[in-house]
Amino acid sequence: MKIKCFVLAILIFLIFALPLVAQEAEADTSLHSKFQRIEWNSDDNALEYRIEIQNIETKKSYEFKTDKNILEFNLPSGNYRYRVAPYDFLGRELQMSAWQDFSIRKMVKPEVTNVKDKIVIDSSTSKSTLEIPIEASGVESDADVSLVNIDTGDAVLGKIESGKAVFPKVDEGNWKVHVENKSGLETESPMIQITDEKKIRERAKAEEERLAVEKNLAEEKVRLEAEEKRLTKENEERIKTELEAEEKARLEAEEQARLEEPKKIADDKKAAKKNRPEKKFAGVYFTLGIGYTIDYTAVQENGFLGGSTFTTLNQNFSDSLQKFFDKNGNQLLFLLGGNNCLSSFDAKLEYNPWKIAGFEAGFTMEVAPSFATFEYTANTDFETYYQMAFYPLSLNAQLLMPILKNRWVGVKAGVGVLITHSYIVSAAFEDNLDEFFTGVSADDFSSDVYYINYMLQIGAFIRVVSYGGFVFDIGADYVLWNYADVSTQNIVVNISFGFKI
């Protein structure tokens with residue numbers, strides 16, 4: 001069992017000068033008016049405790065019982081020991097603890113007087129201790145004696161013997177003697193100023209050296225100020241001379257340039273004639289765009305295409321239609337595009353290997369697939385719709401003319417190949433059904449035909465090139481498509497975006 005011991009010390013002041021026996025009696029009486037206390041860890045299974053206290057010197061024992069883990073008692077000063085035995089709920093005594101020592105002391109306040117307020121030491125000597133004359137009373141033999149630095153709080157342990165306090169050698173500074181008895185009562189001396197003769201000599205020497213340095217610095221400052229004035233004056237005179245020389249040289253150069261100006265103008269004209277612009281690689285452009293194709297063609301019998309008979313994408317079906325229209329005295333009108341024309345997609349790759357005086361010249365290859373619906377109409381009750389897909393691939397020569405910085409106007413012209421895919425998507429009619437079906441087969445309503453023919457193309461556009469090489473084009477092309485026995489004239493308006501490779 002771990003035992004904690006708290007001892008409350010008793011302060012006894014001896015007021016009257018009595019014989020020794022009387023003093024001891026007074027002390028015992030005073031002690032018996034106060035209480036001491038010990039405490040130990042409690043045991044949950046203990047009903048009560050038996051505590052035995054023994055005076056170590058006289059071997060006199062005292063017994064106490066309590067149901068708590070704290071015992072208050074009143075004994076004279078001296079050295080004691082105690083042990084505790086718990087009792088269980090059946091009243092049986094359990095194992096006794098080991099002895100624990102403690103002391104009861106008289107509380108005496110120490111006093112120190114007649115301490116010098118200034119002490120001079122010499123750290124250059126071989127003496128390793130500092131002795132301070134002092135008068136002390138009430139200081140116990142085992143009291144803690146220390147010399148404390150007032151400024152830093154550092155403490156040096158020592159002792160008091162034969163009217164003096166003895167400490168190890170310390171540095172100079174403001175110190176005080178501190179004494180504390182084991183009972184906790186303490187005292188301290190007034191401030192003691194300790195100075196070191198060796199450091200006094202060192203400080204005097206350092207001060208002498210400092211004054212000498214200050215004197216040298218003052219003399220050097222005067223010399224430097226005089227030198228600075230001299231250099232400033234010389235620098236001002238030098239700058240004035242240089243400025244006068246520069247102004248004279250400038251006037252002479254202006255006069256020389258005025259005299260040589262006619263000759264320079266003539267030389268520049270000769271150089272301009274000699275240095276003709278060289279052809280330079282302009283770059284490769286790739287653009288993607290979208291457009292709207294305005295397709296139109298009007299074909300009548302003996303129409304402007306020069307045919308004496310009307311021919312269309314499906315010859316057999318056209319012949320049957322022609323017979324029907326001839327018999328009824330009707331005129332056939334063929335419309336391409338119109339309201340059903342769709343937008344087109346455009347991809348273009350350019351190569352401009354020549355650049356002369358800001359102009360760029362080269363070639364462009366384009367593909368612009370689009371879709372449209374053909375509508376046959378007559379003044380009877382019959383209509384037929386064809387769906388057409390056009391895949392034009394053209395090669396053009398082009399020229400770019402600069403108008404502003406990074407802005408050009410371009411023109412182009414070329415030829416190409418047109419792949420056409422056509423098929424009927426619907427047909428409607430009301431009257432003359434027997435005559436209309438004369439010579440017409442069922443295959444005529446689902447014809448799926450591919451043609452490869454030529455095309456012609458010319459166009460113009462405006463181009464803007466950003467600093468990052470991005471390209472923006474807006475323009476229009478006139479395209480002539482030829483397929484089967486029909487030709488169409490197309491106006492394609494497009495906007496393209498791309499980049500310069």
*Answer with yes or no after comparing the ring centroid distance for Phe470 and Phe499 against a 6.0 Å cut-off, counting only values under it.*
no

*Out of curiosity, Phe64 CZ to Ile38 CD1, how far, rounded to the nearest 0.5 Å?*
8.5 Å

*Keeping the roles fixed (side chain from Thr66, backbone from Lys68), state whether a donor-acceptor pair exists under 3.5 Å.*
yes

*Relative to each other, are the rings of Tyr80 and Phe102 parallel, tilted or perpendicular (30° and 60° limits)?*
parallel

*asked:* Tell me whether Glu261 is salt-bridged to Arg258, with the criterion being a basic N under 4.0 Å from an acidic carboxylate O.
replied: no

_Salt-bridge contact Glu208-Lys205 (side-chain N to carboxylate O under 4.0 Å)_ = no

*asked:* Show the nearest heavy-atom pair for residues Pro353 and Gly362, with the distance to one decimal.
replied: CD-CA, 3.7 Å

*Above 12 or not: heavy atoms from other molecules or residues under 6.0 Å from NZ of Lys159?*
no

*Do other residues, nucleotides or ligands put more than 12 heavy atoms under 6.0 Å from Arg238 CZ?*
yes

*Verdict with reasoning, Glu366 to Asp477, per side chain to side chain contact (heavy atoms under 4.5 Å, CB included)*: CA-CA 12 Å; Glu366 299 182 35; Asp477 298 337; 4.2 Å; yes

*asked:* Is it true that Gln398 and Thr364 share a donor-acceptor pair across their side chains at a distance under 3.5 Å?
replied: no

*Does a salt bridge link Asp196 with Lys169, judged by any charged N lying under 4.0 Å from a carboxylate O?*
no

_Results of salt bridge (Lys or Arg N to Asp or Glu O under 4.0 Å) for Lys264 - residues two or more places apart only_ = Asp268

*Backbone N or O of Phe286 within a donor-acceptor pair of the Lys348 side chain at under 3.5 Å?*
no

*Could Glu140 and Lys182 be called an ion pair, given the rule that one side-chain N must be under 4.0 Å from one carboxylate O?*
no

_Taking Lys248 first and then Glu244, would you say they form a salt bridge - that is, a charged N and a carboxylate O separated by under 4.0 Å?_
no

*If you round to the nearest 0.5 Å, how far is OG1 of Thr195 from CD1 of Ile200?*
4.5 Å

_Could you measure the distance from the CD atom of Glu197 to the NZ atom of Lys199? Nearest 0.5 Å is fine._
13.5 Å

*Does the distance from a Lys or Arg side-chain N to an Asp or Glu carboxylate O, for Glu237 and Lys240, drop under 4.0 Å?*
no

_Distance (rounded to the nearest 0.5 Å) between Leu130 CG and Asp171 CG_ = 11.0 Å

*Below 4.0 angstrom, N of the basic side chain to O of the carboxylate: do Glu360 and Arg463 qualify?*
no

*Output all residues satisfying side chain to side chain contact (heavy atoms under 4.5 Å, CB included) with Thr241, sequence neighbours left out; order by chain, then residue number.*
none

